[in-house]
Amino acid sequence: MRVLVTGGAGFIGSHIAERLVRDGHQVRIVDNFFSGHRENLAGFADRIELVEGDIRDLALLTRLCEGCELVYHEAAVVSVPYSVEHPQETHDVNIQGTLNVLLAARARKVRRVVFACSAAVYGEDPELPKRETMAPAPIAPYAVEKITGEYYLGVFHKLYGVETVSLRYFNVFGPRQDPRSPYSGVISIFVDRLLAGQVPTIFGDGQQCRDFVFVENVVDANLLAGTVPAAAGRAYNVACGERTTLNQLLAILAKLCGREVKPVYAPPRAGDIRDSLAAIDRARSELGYAPKVGVEEGLRRLLEHERRAR
Ligand code: UD1
């Protein structure tokens with residue numbers, strides 16, 4: 001089938017696109033290269049249709065949805081701090097862009113749209129694990145934008161019959177995650193520092209935990225979300241369902257690197273939530289999702305990939 005991946009040159013989008021190509025699908029990518037990179041497509045660039053363009057352009061999206069059965073909507077401004085600084089711009093991309101994807105999908109009779117939502121929608125309610133039945137409590141423009149996108153999906157499903165699935169990603173990590181931005185995920189930063197022989201900084205006491213999930217598991221969840229009939233109109237947490245503290249994370253990385261690492265401890269980062277953990281029962285029972293690559297194995301694969309790339 002023909003599939004459109006918005007943000008297909010980005011970290012997660014490129015992994016989804018690569019798997020779709022490998023599975024024999026015709027893949028069309030639209031990316032404005034705001035945070036995507038052409039290098040992310042290395043190895044399969046000759047087997048995709050790549051369009052440089054912006055999801056704020058409804059006419060373009062409508063053309064790109066022509067003949068597509070499925071859309072994976074991964075394009076977004078993905079940074080919480082950036083959304084705090086530039087709420088108008090992130091609103092335009094993350095809300096209007098998502099509405100455009102839905103409008104284009106409806107107009108071109110796309111069967112299903114799968115949306116990259118975020119654990120950010122849960123906000124700072126300390127109750128763990130996070131379940132999809134909990135009320136969203138956004139505390140940043142980014143979170144407002146992601147939950148609004150999810151609400152639009154639900155409405156397009158109910159009103160217009162577009163099949164929609166929202167995936168709430170927790171802390172995704174893996175190859176192609178850019179470590180060089182101040183908004184980068186902690187794992188990409190730690191790996192970058194360790195391989196450069198530098199010392200990582202832990203903000204706070206390191207006892208805060210996250211539910212880290214290797215990107216291949218996220219790709220699995222997306223493929224299931226694209227195919228399982230009962231998923232239409234639903235939202236799912238995508239995570240490992242396990243907690244790892246920052247101190248544990250660094251200990252695993254140090255072990256995999258075969259050396260001792262003494263981090264620098266700095267004051268906690270303003271605005272950070274303390275702990276995060278997902279319940280993934282709904283994705284397990286309804287999608288048949290199971291995280292195949294655990295955190296340690298994912299970290300081993302990431303290190304191997306980064307060592308080869310240097
Ligand atoms: C993540 C998401 C964010 C989402 C939020 C809420 C990423 C990159 N960000 O933020 O979009 O809104 O979940 O669910 O996935 N840390 C260090 N040292 C560093 C960098 C970070 O100790 O050099 C710490 C942070 O203070 C934090 C933890 O590592 O306690 C995780 O940070 P980060 O990877 O930025 O992700 P979240 O804050 O969970």
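Keep in mind it's a predicted model, so treat the numbers as computed, not measured. For reference, positions follow the sequence shown, starting with 1.
Between Lys255 and Glu296, at least one side-chain nitrogen of the basic residue sits less than 4.0 Å from a carboxylate oxygen of the acidic one, meeting the salt-bridge criterion. Salt bridge Glu306/Arg308: absent, no basic N to carboxylate O contact under 4.0 Å. Note on Glu304 versus Arg300: salt bridge recorded, some NZ/NE/NH1/NH2 to OD/OE distance being below 4.0 Å. Ion pairing between Lys292 and Glu297 fails under the 4.0 Å rule for side-chain N and carboxylate O. Using a 4.0 Å cut-off between charged nitrogen and carboxylate oxygen, Glu69 and Arg2 do not count as a salt-bridge pair. In this structure, Lys130 does not pair ionically with Asp275, as no charged nitrogen and carboxylate oxygen lie closer than 4.0 Å. Comment: Glu18 does not engage Arg22 in a salt bridge, judged by the lack of any side-chain N to carboxylate O separation of less than 4.0 angstrom. Remark: Asp220 engages Arg19 in a salt bridge, criterion side-chain N to carboxylate O under 4.0 Å. Checked for salt-bridge contact, Arg131 and Asp281 meet the test: a charged N lies under 4.0 Å from a carboxylate O. At a threshold of 4.0 Å, the pair Asp57-Arg63 does not count as salt-bridged, since none of the basic side-chain nitrogens sits closer than that to a carboxylate oxygen.
The two residues Cys209 and Arg243 have their closest heavy-atom pair at SG-CB, 3.7 Å.
Sorted by first and then second residue, the pairs that involve residues 139-158 and meet ring pair (Phe, Tyr, Trp, His ring centres under 6.0 Å), not counting sequence neighbours, are Phe156-Tyr160. Applying the ring pair (Phe, Tyr, Trp, His ring centres under 6.0 Å) test to pairs two or more places apart or on separate chains, none has a residue in residues 256-310. Among residues at least two apart or in separate chains, there is no salt bridge (charged side-chain N to carboxylate O under 4.0 Å, His left out) pair with a member in residues 75-93.
Side-chain atoms of Arg284 and Pro291, non-hydrogen and from C-beta on, do get closer than 4.5 Å to each other. Side-chain contact between Gln177 and Ser184 is absent, with no heavy atoms from C-beta onward closer than 4.5 Å. When side chains are defined from C-beta on, His73 does not count as touching Val114, because their heavy atoms never get closer than 4.5 Å. At a threshold of 4.5 Å between non-hydrogen side-chain atoms, the residues Ile187 and Phe212 count as touching.
Remark: the Tyr169 side chain and the Glu74 side chain contain an N/O donor-acceptor pair separated by less than 3.5 Å. Inspection of the Glu145 and Thr90 side chains reveals an N or O donor paired with an N or O acceptor under 3.5 Å.
Leu167 pairs in a side chain to side chain contact (heavy atoms under 4.5 Å, CB included) with only one of the listed residues (Asn222, Val218, Ile12), which is Asn222.
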Side-chain donor-acceptor distances from residues 32-39 under 3.5 Å, at least two apart:
unit_1	atom_1	unit_2	atom_2	d
Asn32	OD1	Phe34	N	3.0
Asn32	ND2	Asp54	OD2	3.1
Arg38	NH2	Glu52	OE1	3.0

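Judged purely by atom type and a 3.5 angstrom limit, Thr164 uses its side chain to pair as donor or acceptor with the backbone of Leu153. Although no hydrogens or angles enter the test, the distance criterion places no donor-acceptor pair under 3.5 Å between the side chain of Asp211 and the main chain of Ala239.
With a 6.0 Å radius and a threshold of 12 heavy atoms from other residues, nucleotides or ligands, Glu124 has its CD atom at or below the threshold.
Residues passing the side-chain hydrogen bond (donor to acceptor under 3.5 Å, both in side chains) test with Arg106: none are found, sequence neighbours excluded.
As a member of the Ile/Leu/Val/Met/Phe/Trp/Tyr network built from side-chain separations under 4.5 Å, Val199 groups with Val264.
The distance from the CZ atom of Arg259 to the CG atom of Leu253 is 10.0 Å, given to the nearest 0.5 Å.
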